[in-house]
Amino acid sequence: MYMSTDEVRNAFLQFFESKGHQIVESSSLVPHNDPTLLFTNAGMNQFKDCFLGLEKRAYTRATSSQRCLRAGGKHNDLENVGFTARHHTFFEMLGNFSFGDYFKQDAIAFAWEFLTEILKLPKDRLLVTVYETDDEAFNIWNQQIGVPADRIVRIGDKKGGKPYESDNFWQMGDTGPCGPCTEIFYDHGEHIWGGRPGTPEEDGDRFIEIWNNVFMQFNRHADGTMEPLPKPSVDTGMGIERISAIMQGVHSNYEIDVFQTLIKAAAEVISVEDLSNQSLRVIADHIRSCSFLIVDGVMPSNEGRGYVLRRIIRRAVRHGNKLGAKGTFFFKLVGVLADVMGSAGEELKRQQALVEKVLRIEEENFGRTLERGMAILNDALDASADKTLDGETVFKLYDTYGFPADLTNDVARERGFIIDEAGFEQAMEVQRQRARDAGQFGTDYNEAIKVDSATEFCGYTSTSALGTVDAMFVESRQVESLSAGDKAVLVLDETPFYAESGGQCGDSGQICTDSGIFVVEDTQKLGNAIAHYGWMKEGVLASKDKVEALVDKGRRNAISLNHSATHLLHAALRKVLGEHVTQKGSLVKADNLRFDFSHLEAMTADEIKQVERLVNDHVRLNHDVETDIMDIESAKSKGAMALFGEKYDDQVRVLSMGDFSTELCGGIHVSSTGDIGLFKITSESGIAAGIRRIEAVTGDAALDVIEAQHQQYEEKLAESAQKTKALEKEIQKLKDKMAAAESANIMGQVKEVNGVKVLVAKLEGADSKNLRTMVDDIKNQLGSGVVLLANVNQDKIGLIAGVTKDLVGDVKAGELVKMVAEQIGGKGGGRPDMAQAGGTDVTALPTAIDSVQPWLEERL
């Protein structure tokens, strides 16, 4: 019976939904609040806290189709991808989970029913394995399901290994939940080489594992003690690619519909006819991991998850280049992928434009990186004296520049060199160990605080409440009392304190009784309990005491202003920059807010201004902030923005601010947007490729910023004014010097009229403000005489005349400039010793100047 991959996915989820399981959407490839994992690599990752007993949900049975990635950390399949039938960087894990509900019997029965009755797989093609000592699982398979004993394989501990170190014994870490597994294998037939599990030929491709049922049965302590868990649980996984291959009658995962569609699309954009080429398989695999990593907020970079993404992109591009790809090609496969993923590709369709742009830019950048790498390789070969390329250089080219060792080897061989294989492998092993270390769970399960009780949160409507102390912990140990100075964690049955979540920081305040005061410095979630972290300020406190919980109102109010502002900011960014903008993280504190979002370019000053103004417009519109509780599908149909990859309960809280912003949010907010008062952006920056960050303030903090900026502007203005005055004085000095120099230059034009020294001169473009200084200076040099200067500046003429005091009885400066001004279309006058005038007829100036001497001869 043929089934498409999308049909297999939907059949699986619907089957387990019919068995009372809650369908849970795939979580992000970036593990939620789990620094111990590089990427989500199994279906159980998002349920880890449920298995640990740290989180309780509204359901005890769940099913999902989880996106997984294995290209870094403990599980790294990257180098095998494309060269085997079943290795991938990206894959989907179908899973069903029980959190203390059903156990081995139901898990085995569900798996068998789905495979043999829903998918109609032949029973004689199925073979199962159990842990060597798990007689319970063996008997269920043999006596209840009816699998013959010769088709049930017991798998023991590995030779020379530790106890319980077996392919059929699962453990979360060195401590914590663990238990035996039972796996289901499909027999592809005698025509394919390989042996049954547990035989020397088990690595062959005849018997392929398609389903793994993990039975979390024990709690393993650091000393190796295996303690039975009070609520045994089930974690299962079935790779959708493997089961789809069976349902489509093919042997290799790369022959299923999803990969065949991508391989054909890749061949078309690269112009390749041989569809069996392994490089096409690499490209088809890698477009899946790269696209969904970007959807989940990872951007190419030189460290962490971004570095893994960059390596995968470059590996795909290298294989495209091997096939003769011209120009960029990889990003052109995103749309094909979104379509072929069916129901699992909806978010990719929404972010298709962003994904395509990131991949195109990265591919273009890699072209330049490839050139730099080749230059380094050639320099290293030129510098080698023994025809051997050292392993460190080979590794650097591989690790930093994306050169595969075989490419380096090809170039070296062409020039008669060999490469240091041992040195390269040593450097690679160091990297692998770092990756393995990065993938380890870092917390001892038995040292974690585990709280069975649930806390009722009443903080949406109040900042105070009466409650009872349910539990107290000092350094993870539960205690019955506290005294002054003790640092502790308190859990109440009811609290108004908001626990850090959704980017909003936890509340602070006090928990009081008549006999003591506990200072709350932070509030966090512990599963369904709310934990208050702090210290005893005075007195004593005992378990089961009645207390009054008092949130710091001022801090809470400041936080709520900032949180509501982030919603308006998100909506404004999408209006100004485009619908591709999605939230990639936020931090809401009392003193400011931080908002990270997807956008490939730095915002312009005008865009920042538009966003800030748009937010403030909606602050002034004073929208009511309304909250509604509804199911997730109703919320989405209402247009509520959900963070892709976030965990949401069946019933969600929808927060609306007029028609401008509608989002899912469980945080604390203002009652109306006008309460925010004022919104001010303080910075916009890039934090990773394609991720921008805005920091902003609201309310009094925004006023403080504006007042501080105003004060800075005033200080800078005063400072600028002082500098301007100083510069003006300096300029004036320089002008005076220039005027004196100009005066000295024209002294050669002095003539005598009836025994009196006379200087009449024409100037070009002199500073009119300095003409008076020049006349005074010339008069001083003459001692006794008459001066007339005509300054031509563009189409205007400035006249200035000076007469020494001993001659003013015969010649008046005012009369002189008036006589000349009248000839050039102007007028003027002044004192007998100094007078100024102006005119506009430049063509008449020479004649007017020539008239000065005859005029003076009549008077002297």
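Reckoned from all heavy atoms, side chains included, excluding hydrogens, waters and symmetry mates. Remember, predicted model here, so these are calculated numbers, not experimental data. Sequence positions, counted from 1, serve as the residue numbers for this chain.
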**Student:** Under the ring-ring contact (aromatic ring centres under 6.0 Å, His included) rule, collect the residues that match up with Tyr460, sequence neighbours excluded.
**Tutor:** Phe457
**Student:** Aromatic rings Phe497 and His532: how do their planes relate, parallel, tilted or perpendicular, breaks at 30° and 60°?
**Tutor:** perpendicular
**Student:** Ignoring hydrogens and geometry beyond distance, is a side-chain donor-acceptor pair present between Ser289 and Asp285 at under 3.5 Å?
**Tutor:** no
**Student:** Roughly how far apart are Asn592 CG and Leu587 CG, rounded to 0.5 Å?
**Tutor:** 7.0 Å
**Student:** Find out whether Val551 and Tyr498 are in side-chain contact, i.e. whether some heavy atom of one side chain is under 4.5 Å from a heavy atom of the other.
**Tutor:** no
**Student:** Quick test of your reading of the model: are Asp296 and Arg67 salt-bridged, counting only N-O distances below 4.0 Å?
**Tutor:** yes
**Student:** Please answer whether the main-chain N or O of Leu593 pairs with a side-chain N or O of Thr566 as donor and acceptor at a distance below 3.5 Å.
**Tutor:** no
**Student:** Starting at CG of Leu29, measure out to CD1 of Ile294 and round the result to the nearest 0.5 Å.
**Tutor:** 11.5 Å
**Student:** Look only at the side chain of Asn528 and the backbone of Lys56, and say whether a donor-acceptor pair between them is shorter than 3.5 Å.
**Tutor:** yes
**Student:** Looking only at the side chains, is there a donor atom on one of Asn365 and Glu363 sitting less than 3.5 Å from an acceptor on the other?
**Tutor:** no
**Student:** Please check if any side-chain donor atom of Glu92 sits under 3.5 Å from a side-chain acceptor atom of Ser65, or the reverse.
**Tutor:** yes
**Student:** Given 3.5 Å as the limit, does a donor-acceptor pair link the side chain of Thr673 with the main chain of His618, or not?
**Tutor:** yes
**Student:** Spell out, as yes or no, whether a donor-acceptor pair under 3.5 Å connects the side chain of Thr682 to the backbone of Glu695.
**Tutor:** yes
**Student:** Mind telling me whether Phe90 and Phe292 have parallel, tilted or perpendicular rings, with 30° and 60° as the class edges?
**Tutor:** parallel
**Student:** Output yes when a side-chain donor or acceptor of Arg556 lies under 3.5 Å from a complementary backbone atom of Gly459, and no otherwise.
**Tutor:** yes
**Student:** Rounded to the nearest 0.5 Å, what's the gap from CZ on Phe51 to NZ on Lys48? Could you check?
**Tutor:** 12.0 Å
**Student:** What distance separates Arg693 CZ from Ile687 CD1, expressed to the nearest 0.5 Å?
**Tutor:** 4.0 Å
**Student:** Is a side-chain N or O of Ser656 found less than 3.5 angstrom from the main chain of Gly658, in a donor-acceptor match?
**Tutor:** no
**Student:** Please set out all donor-acceptor pairs under 3.5 angstrom arising from side-chain atoms of residues 697-712, sequence neighbours excluded.
**Tutor:**
{"residue": "Thr698", "atom": "OG1", "partner": "Asn562", "partner atom": "OD1", "Å": "2.7"}
{"residue": "His710", "atom": "NE2", "partner": "Glu714", "partner atom": "OE2", "Å": "3.1"}
{"residue": "Gln711", "atom": "NE2", "partner": "Glu715", "partner atom": "OE2", "Å": "3.3"}

**Student:** Supply the atom-to-atom distance Cys290 SG to Leu309 CG, rounded to the nearest 0.5 angstrom.
**Tutor:** 5.5 Å
**Student:** Taking atom types as modelled, is there a side-chain donor on Asp507 or Thr523 under 3.5 Å from an acceptor on the other?
**Tutor:** no
**Student:** Is it true that, when you exclude Asp606 itself, more than 12 heavy atoms of the residues, nucleotides or ligands shown sit nearer than 6.0 Å to its CG?
**Tutor:** yes
**Student:** Is a side-chain donor or acceptor of Thr40 paired with a backbone partner of Ser28 at a separation under 3.5 angstrom?
**Tutor:** yes
**Student:** Excluding sequence neighbours, so at least two apart, what forms side-chain contact (heavy atoms from CB on, under 4.5 Å) with Arg620?
**Tutor:** Asn616, Asp617
**Student:** Could you tell me if Glu346 and Ser343 have a donor-acceptor pair between their side chains, going purely by distance under 3.5 Å?
**Tutor:** no
**Student:** With sequence neighbours left out, which residue pairs that include part of residues 496-505 fulfil the salt bridge (charged side-chain N to carboxylate O under 4.0 Å, His left out) condition?
**Tutor:** none
**Student:** Decide whether Ser560 and His669 meet the rule of one side-chain donor and one side-chain acceptor closer than 3.5 Å.
**Tutor:** no
**Student:** Answer yes or no: is there a donor N or O on one side and an acceptor on the other, between the side chain of Gln351 and the main chain of Leu348, under 3.5 Å?
**Tutor:** no
**Student:** So, Glu663 versus His570: side-chain donor-acceptor pair below 3.5 Å or not?
**Tutor:** yes
**Student:** Any side-chain donor-acceptor pair under 3.5 Å between Ser26 and Gln66?
**Tutor:** yes
**Student:** Do Arg692 and Met603 have side chains that approach each other closer than 4.5 Å (heavy atoms only, starting at C-beta)?
**Tutor:** no
**Student:** Assess whether a salt bridge exists between Arg574 and Glu579, defined as any Lys/Arg side-chain N lying under 4.0 Å from an Asp/Glu carboxylate O.
**Tutor:** yes
**Student:** If you measure from CZ on Phe660 to NE2 on His567, what distance do you get to the nearest 0.5 Å?
**Tutor:** 12.5 Å
**Student:** Using only atom types and a distance under 3.5 Å, with no angle test, would you say the side chain of Gln504 pairs donor to acceptor with the backbone of Ile668?
**Tutor:** yes
**Student:** Are any side-chain N or O atoms of Ser564 and backbone N or O atoms of Val670, one a donor and one an acceptor, separated by less than 3.5 Å?
**Tutor:** yes
**Student:** Contact between Phe597 and Leu577 at the side-chain level, heavy atoms closer than 4.5 Å - yes or no?
**Tutor:** yes
**Student:** Under 4.0 Å between a Lys/Arg side-chain N and an Asp/Glu carboxylate O for Glu364 and Arg360?
**Tutor:** yes
**Student:** Restricting to salt bridge (Lys or Arg N to Asp or Glu O under 4.0 Å), what partner residues turn up for Asp552, sequence neighbours left out?
**Tutor:** none
**Student:** Would you please name every residue forming a salt bridge (Lys or Arg N to Asp or Glu O under 4.0 Å) with Lys680, sequence neighbours left out?
**Tutor:** Glu612
